[in-house]
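Atom set for the values below is all heavy atoms of this structure, side chains included, hydrogens, waters and symmetry mates excluded. Naming convention: chains lettered A, B, ... in sequence-line order (proteins, then strands); numbering from 1 in each chain.
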Amino acid sequence: MALPDSVYQRIYSTVRRIPRGRVASYGQIARMVRGTTPRMVGYAMAALPEGSRVSWHRVVNHGGEVSARAAGDGAVVQRVLLEKEGLVFDRSGRLDLARYGWKARVAR
DNA sequence: AGATTGACTGCAT
DNA sequence: CATGCAGCCAATC
């Protein structure tokens, strides 16, 4: 991220606001951050440097399932992190978005 | 500078 | 439910 207000920076800021125990979809983030797309969100996550405070594990795909990533076992780690926050995956490995979906600044 | 790729989504078949 | 295709846009080669 070269510029302080780059698209990536906005994506990271938004992702950081996801409360514990909630998840948001790539599409959801993309709609909150004007000028970006779900693909950009995923790409931003992939480019995310280690050690960042961004709660990337709270970002799942549109079906409430952890997306496969280009490298390694991150998906498993992500799922464990979410379970530790109290979220429950169904037998298909999906989350109940109606329940865990993040309602951005909207009074439930 | 042009082509390729990617942690996505939605609609059509 | 499986496949295919299009849209979207930055990073990389």
Side-chain angles (χ1 to χ4, degrees):
Chain A
M1 46 197 135
L3 302 174
D5 64 323
S6 66
V7 176
Y8 278 35
Q9 190 59 54
R10 279 182 247 165
I11 292 173
Y12 296 149
S13 296
T14 302
V15 173
R16 245 194 309 315
R17 291 186 186 105
I18 302 174
R20 188 168 179 280
R22 293 270 174 88
V23 297
S25 70
Y26 297 93
Q28 171 104 46
I29 302 295
R31 280 166 188 138
M32 283 187 264
V33 182
R34 220 138 112 97
T36 196
T37 65
R39 285 194 151 162
M40 284 301 89
V41 177
Y43 198 60
M45 296 294 105
L48 195 57
E50 285 181 43
S52 82
R53 294 169 293 142
V54 178
S55 47
W56 56 271
H57 58 269
R58 300 199 184 117
V59 183
V60 297
N61 67 22
H62 192 64
E65 183 173 282
V66 176
S67 294
R69 67 259 312 148
D73 43 344
V76 178
V77 176
Q78 181 174 358
R79 172 165 173 162
V80 173
L81 286 171
L82 291 173
E83 291 180 323
K84 287 174 77 172
E85 294 192 351
L87 281 73
V88 179
F89 289 80
D90 66 20
R91 63 174 179 168
S92 300
R94 292 196 274 193
L95 295 166
D96 182 357
L97 288 183
R99 207 159 109 91
Y100 303 122
W102 178 37
K103 321 289 185 181
R105 64 188 184 131
V106 175
R108 203 156 38 100

Side-chain donor-acceptor pairs of residues 83-98 of chain A under 3.5 Å, sequence neighbours excluded:
residue	atom	partner	partner atom	Å
Glu83(A)	OE2	Arg79(A)	NE	3.3
Glu85(A)	OE1	Gly21(A)	N	3.2
Glu85(A)	OE1	Arg58(A)	NE	2.9
Glu85(A)	OE2	His57(A)	NE2	3.1
Glu85(A)	OE2	Arg58(A)	NE	3.2
Glu85(A)	OE2	Arg58(A)	NH2	2.7
Asp90(A)	OD1	Ser92(A)	N	2.7
Asp90(A)	OD1	Gly93(A)	N	3.0
Asp90(A)	OD1	Arg94(A)	N	2.9
Asp96(A)	OD1	Ala98(A)	N	3.0

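Rounded to whole Å, atom P of dC8(C) lies 14 Å from atom CZ of Arg34(A).
Environment of CZ in Arg99(A): sparse, with no more than 12 heavy atoms of neighbouring residues, nucleotides or ligands closer than 6.0 Å.
Without hydrogens or angle criteria, Tyr12(A) side chain to Ala44(A) main chain gives a donor-acceptor distance under 3.5 Å. Ser55(A) places a side-chain N or O within donor-acceptor distance of the main-chain N or O of Val15(A), the cut-off being under 3.5 Å.
Results of the side-chain contact (heavy atoms from CB on, under 4.5 Å) test with Val59(A) over Val23(A), Ile11(A), Ile18(A) single out Ile18(A) as the only residue that passes.
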When every nucleotide of nucleotides 5-10 of chain B is labelled 5' to 3' by its protein contacts under 4.0 Å (heavy atoms), B for base, S for sugar-phosphate only, - for none, what sequence of letters results? -BBBSS
